[in-house]
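Everything quoted here is computed from the prediction, not taken from an experiment. Lettering of chains follows the sequences in order, A, B, ..., and the numbering in each one begins at 1. As a basis for the values below, the full set of heavy atoms in this structure was taken, side chains included, without hydrogen atoms, waters or symmetry mates.
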There are 2 protein chains.
Amino acid sequence: MALEHAILVSLLEKPGSGYELARRFERSIGYFWTATHQQIYRVLKRMEADGWIDACDVPQRGRPDKKEYSVSAAGLSALTGWLDEPVQPESVRHELAVKVRGAAFGEPAALIGEVERHQRMHRDRLAHYLAGQRRDFGGSDTAGDPGAEDLDAGRELQHAVLRGGIAYERMMIAWLDDVLATLHRLSPRRRPGPSGGRPAQDGPVPDSAP
Amino acid sequence: MALEHAILVSLLEKPGSGYELARRFERSIGYFWTATHQQIYRVLKRMEADGWIDACDVPQRGRPDKKEYSVSAAGLSALTGWLDEPVQPESVRHELAVKVRGAAFGEPAALIGEVERHQRMHRDRLAHYLAGQRRDFGGSDTAGDPGAEDLDAGRELQHAVLRGGIAYERMMIAWLDDVLATLHRLSPRRRPGPSGGRPAQDGPVPDSAP
DNA sequence: TTGACCATGTAACATGTTACATGATTTA
DNA sequence: TAAATCATGTAACATGTTACATGGTCAA
């Protein structure tokens, strides 16, 4: 019920083809809403039929033609209408949490590698976010700094969402430290480390920003 | 691909009927994995056919009979096998983030009520988690306290997951403060408050624990 | 006697995933 | 000449959502 709206937001920020949208759903928007290209093409067709977006064929030299979509007036009003509707509780899916609780019925220590793998992914993503923040918003990590630069609403809101991503990754990294400490405590044959899991920090993080 | 496993974990923690599982998916497990009763009945049927769970009819006085399910040896080994498999990136869906970015194309101030509503839900859930923690784990919020009580692995891991939920809610409440401050800044006709949004805190939270 | 709770389901539909297909161009 | 990127799609399947159906007990 919201892929349409995520696409509207993305197309309003910048018109583009289905392929380009699919790329964006692997990057920026993809950090808080995922979709594959098959889904995107299917929904784009419906949105075009509903008159939410307009397509225009763009011939390209040396590349296949593409259909560039842009948001119509009807699409914009569909989006603003949706903004006013309350969103329902949003369903959660934290597969790792299921695994952590399930670990009680297997060998808890067997989960350590998987949890470390996840933590590495979160550290990478955090590094990526921080790099993007430095690049696009001038290195400031703190909110509520009205006097500094005068950004337009779009950029301000993009930054707010990015700060949310950063807060989320930091929270996850810290929680996974907690989980690792718990798993080590439950199976003390493995080295529990100097203090049962190093504390969360984002300074010396492996920089994997693109 | 994981509802089966969430059900296995829940049934291992305590056998029960489809109806009871549906209740649990509105409480404990539901905080990190949601499912409706229709989904649960459908999957239970498949799991029984696959031999992962055993059913036994339990007649009840004054109530309709129920089928109580419990995990078979095959089910347990399916779970432990799954624990060893790496979980993929897990797809994210943060509808509010889509809305925040979309607010740039409408009236940003119109989102304030919705964001406050979400923040209230997160405060409620946090209060609920903290009450559950006090009830079930003795009021301690901090991890890594090996000497204190000697809980079994299952309870330790449940507590670790609960701490994750608490960390998540605190992070969300703080981030939504940030978002509110940003929205107020972008439409200064509304009172931006003493300091643009009160800081996150969980002490004087409306206690809505059941 | 109305509504809430217990208990289980069917059917239709919407959404998301996986695999496969096509064909051009650019880069190594 | 092989692989990667651009660009769009179909088909089959799995999962999740919404609406509807049934029927008993218990409390107000």
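Comparing the helix axis at one end of the helix from C/dT1-D/dA28 to C/dA28-D/dT1 with that at the other, each defined from 5 consecutive pairs, gives an inter-axis angle of 30° (nearest 10°).
Looking at A/His128, its side chain never comes within 3.5 Å of a backbone N or O of A/Asp124 through a donor-acceptor pair. Of the possible polar contacts, one joining the A/Thr182 side chain to the A/Asp178 backbone as a donor-acceptor pair under 3.5 Å is found. Of the possible polar contacts, none joining the B/Arg125 side chain to the B/Gly165 backbone as a donor-acceptor pair under 3.5 Å is found. Although no hydrogens or angles enter the test, the distance criterion places a donor-acceptor pair under 3.5 Å between the side chain of A/Arg93 and the main chain of B/Thr34.
The A/Tyr41 side chain lies nearest to D/dA7 when the options are D/dA7, D/dG16, C/dG9. Looking at the side chain of A/Lys67, the nearest of the listed nucleotides D/dT8, C/dA7, C/dT8 is D/dT8. Between C/dG16, D/dT15, C/dG9, one nucleotide has an atom nearer to the side chain of B/Arg42 than all others, and that is D/dT15. Of the candidate nucleotides D/dC6, C/dA7, C/dG16, C/dA7 has the atom nearest to the side chain of B/Gln60.
What separates NE2 of A/His5 from C1' of C/dT15 is a distance of 15 Å, to the nearest Å. Straight-line distance from the CZ atom of B/Phe25 to the P atom of D/dT17: 12 Å, rounded to whole Å. Here the C1' atom of nucleotide C/dG9 and the CG atom of B/Leu21 are 15 Å apart, to the nearest Å. We find that CD of A/Gln39 is positioned 15 Å from C1' of C/dA19, with the value rounded to whole Å. Rounded to a whole Å, the CG atom of B/Asp65 is 9 Å from the P atom of C/dT8. Atom CD1 in A/Ile40 sits roughly 14 Å away from atom P in D/dC6 (whole-Å rounding). Spacing between atom CD of B/Glu26 and atom P of D/dT17 amounts to 13 Å, rounded to whole angstrom units. What separates CZ of A/Arg24 from C1' of D/dC6 is a distance of 15 Å, to the nearest Å.
Here the closest heavy-atom approach between residue A/Ala153 and residue B/Ala104 is recorded as C-CB, 4.4 Å.
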So which protein nitrogen or oxygen atoms get under 3.5 Å of nucleotides 24-28 of chain D's nitrogens or oxygens?
| unit_1 | atom_1 | unit_2 | atom_2 | d |
| --- | --- | --- | --- | --- |
| D/dT25 | O3' | B/Gly62 | O | 3.2 |

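Taking the ring-ring contact (aromatic ring centres under 6.0 Å, His included) definition, one finds that B/His37 meets it with B/Tyr41, sequence neighbours left out. A/Phe32 meets the ring-ring contact (aromatic ring centres under 6.0 Å, His included) test with no other residue; sequence neighbours excluded. Taking A/Tyr129 as the reference, A/Tyr31 meet the ring-ring contact (aromatic ring centres under 6.0 Å, His included) condition, with sequence neighbours excluded. Applying the salt bridge (Lys or Arg N to Asp or Glu O under 4.0 Å) test to B/Arg23 and every residue at least two apart in sequence or in another chain returns B/Glu26. In this view, A/His122 satisfies the ring-ring contact (aromatic ring centres under 6.0 Å, His included) rule with no residue, not counting sequence neighbours.
Shown for residues 45-56 of chain A: residues whose heavy atoms fall under 4.0 angstrom of DNA chain D, namely A/Lys45. Within a heavy-atom distance below 4.0 Å of DNA chain D, the residues of residues 31-38 of chain A found are A/His37, A/Gln38.
Residue B/Tyr19 places at least one side-chain N or O under 4.0 Å from the OP1 or OP2 atom of C/dC6. One finds no side-chain N or O of B/Arg93 lying less than 4.0 angstrom from the OP1 or OP2 phosphate oxygen of C/dT15.
Side-chain contact between B/Arg155 and B/His159 is absent, with no heavy-atom pair separated by less than 4.5 Å.
A salt bridge is absent between B/Glu13 and B/Arg24; no separation between the charged side-chain nitrogens and carboxylate oxygens falls under 4.0 Å.
Mapped onto DNA chain C by nearest heavy atom, B/Glu68 and B/Ser91 fall at different nucleotides, with B/Glu68 at the one closer to the 5' end.
Identified under the salt bridge (charged side-chain N to carboxylate O under 4.0 Å, His left out) test for residues 42-53 of chain A, with sequence neighbours left out: A/Glu4-A/Arg46. Judged as a salt bridge (charged side-chain N to carboxylate O under 4.0 Å, His left out), the pairs with a partner in residues 53-79 of chain B (not counting sequence neighbours) are, in order, B/Glu20-B/Lys66, B/Lys66-B/Glu68.
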Return a table of donor-acceptor pairs under 3.5 angstrom between the side chains of residues 71-87 of chain A and protein atoms on other chains or two or more places apart.
| unit_1 | atom_1 | unit_2 | atom_2 | d |
| --- | --- | --- | --- | --- |
| A/Ser72 | OG | A/Gly51 | O | 2.6 |
| A/Ser72 | OG | A/Trp52 | O | 2.9 |
| A/Ser72 | OG | A/Ala74 | N | 3.4 |
| A/Ser72 | OG | A/Gly75 | N | 3.1 |
| A/Ser77 | OG | A/Ala74 | O | 3.2 |
| A/Thr80 | OG1 | A/Leu76 | O | 3.2 |
| A/Thr80 | OG1 | A/Ser77 | O | 3.2 |

